[in-house]
Amino acid sequence: MVTLVYIAFGVLTLSALLCLFRIAMGPTAPARTVAIDTLGTLLVGFCAMVALQDASDFYLNVAIAWALLSFIGSIALAKFLEGKGFDE
Amino acid sequence: MNEVIGFIIIAVGLVFDLFGCIGLVRMPNVYTRLQAATKCVTLGTCSILFGVLCITGFGPTGVKALVCLVFVAITSPTAAHAIARGSHKFGIHVHKDAVTDKYAEEIDDPSVVSSGSNDQEEGETL
């Protein structure tokens with residue numbers, strides 16, 4: 001079962017590298033925004049796998065906070081794309 | 001037994017994560033990328049968290065995984081919706097093979113409807 005956790009780390013790292021490729025090469029700002037949102041959701045799963053390996057709940061606190069901050073960041077980037085201020 | 005079921009669910013979630021990120025790289029347009037990436041990665045991450053819940057049971061780790069699962073399942077489609085609306089306001093048009101654009105009809109934006117082939121990324125070959 002420990003091997004399966006390391007395989008999971010490998011697959012998640014490959015997925016994160018694909019997201020980073022799209023962030024680096026994305027032709028427009030909305031494509032980069034989509035990739036940033038996807039990367040935030042991926043890292044929540046990564047934190048869950050680290051918590052499973054450590055057998056502690058500390059990294060799930062990190063995962064909850066990361067999900068919250070990723071959501072706020074995605075909403076802020078979407079408002080930025082709309083061209084509005086943050087107080088509307 | 002719970003451990004085996006949990007690792008099977010985690011494996012399904014990993015496959016969804018990987019396919020979602022491949023779709024993020026391979027798809028031609030912002031909206032198709034958004035569709036592929038957010039749906040697959042949301043289901044994949046929720047499956048990983050549910051697998052952690054199955055393995056550890058209802059201890060502190062499992063309950064926190066359940067809270068995080070509910071939070072991701074609510075917020076990720078909301079963020080995707082906001083990004084799609086922002087992209088439309090930003091000026092990204094739908095793909096030239098798309099049949100209809102209901103949001104442009106609703107807000108009466110004639111430039112989007114008439115210039116359906118004006119894709120900003122049509123030179124991309126991926």
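Chain letters run A, B, ... following the sequence lines, proteins first and then strands; every chain starts at 1.
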Novice: In terms of heavy-atom pairs under 4.5 Å, which option from B:Leu24, B:Ile10, B:Ile48 contacts chain A the most?
Specialist: B:Leu24
Novice: Who among A:Leu17, A:Asp37, A:Val34 has the most heavy-atom pairs with chain B under 4.5 Å?
Specialist: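 With the most close heavy-atom pairs to chain B, the winner is A:Val34.
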Novice: I'd like to know which of A:Ile7, A:Leu39, A:Asn61 tops the heavy-atom pair count under 4.5 Å against chain B.
Specialist: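 Highest number of pairs under 4.5 Å: A:Asn61.
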Novice: Considering only heavy atoms, which portion of B:Val67 lies under 4.5 Å from any heavy atom of chain A: side chain, backbone, both, or neither?
Specialist: side chain
Novice: Say whether A:Gln53 and A:Tyr59, considering side chains only, have a donor N or O and an acceptor N or O under 3.5 Å apart.
Specialist: no
Novice: Evaluate the side-chain contact (heavy atoms from CB on, under 4.5 Å) criterion for residues B:Cys46 and B:Val72: first the C-alpha distance (whole Å), next the side-chain angles of each, then the deciding distance (0.1 Å), finally the verdict.
Specialist: CA-CA 7 Å; B:Cys46 286; B:Val72 169; 4.2 Å; yes
Novice: Can you list every pair that meets side chain to side chain donor-acceptor pair (under 3.5 Å) and has a residue in residues 67-80 of chain B, with sequence neighbours left out?
Specialist: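 Qualifying pairs: B:Thr42-B:Ser76.
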Novice: Select, from A:Ala78, A:Pro30, A:Gly45, A:Ala55, the one with the greatest count of heavy-atom pairs under 4.5 Å involving chain B.
Specialist: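 Option with the greatest count: A:Pro30.
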Novice: With hydrophobic residues grouped by side-chain heavy-atom distances under 4.5 Å, do A:Phe80 and A:Ile72 end up in a single group?
Specialist: no
Novice: Measure B:Ile55 against the heavy atoms of chain A and call it side chain, backbone, both or neither at under 4.5 Å.
Specialist: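 The side chain, not the backbone.
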Novice: Can you tell me which residue pairs pass the salt bridge (charged side-chain N to carboxylate O under 4.0 Å, His left out) test with a partner in residues 39-53 of chain B, sequence neighbours excluded?
Specialist: none
Novice: Between chain B and each of A:Ala48, A:Cys47, A:Gly40, count heavy-atom pairs under 4.5 Å; write down the option with the most.
Specialist: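 The residue among A:Ala48, A:Cys47, A:Gly40 with the greatest pair count is A:Ala48.
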Novice: Select one option (side chain, backbone, both, neither) describing which atoms of A:Ser56 are under 4.5 Å from chain B's heavy atoms.
Specialist: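 The backbone, not the side chain.
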Novice: To the nearest 0.5 Å, tell me how far B:Leu49 CG sits from A:Leu52 CG.
Specialist: 11.0 Å
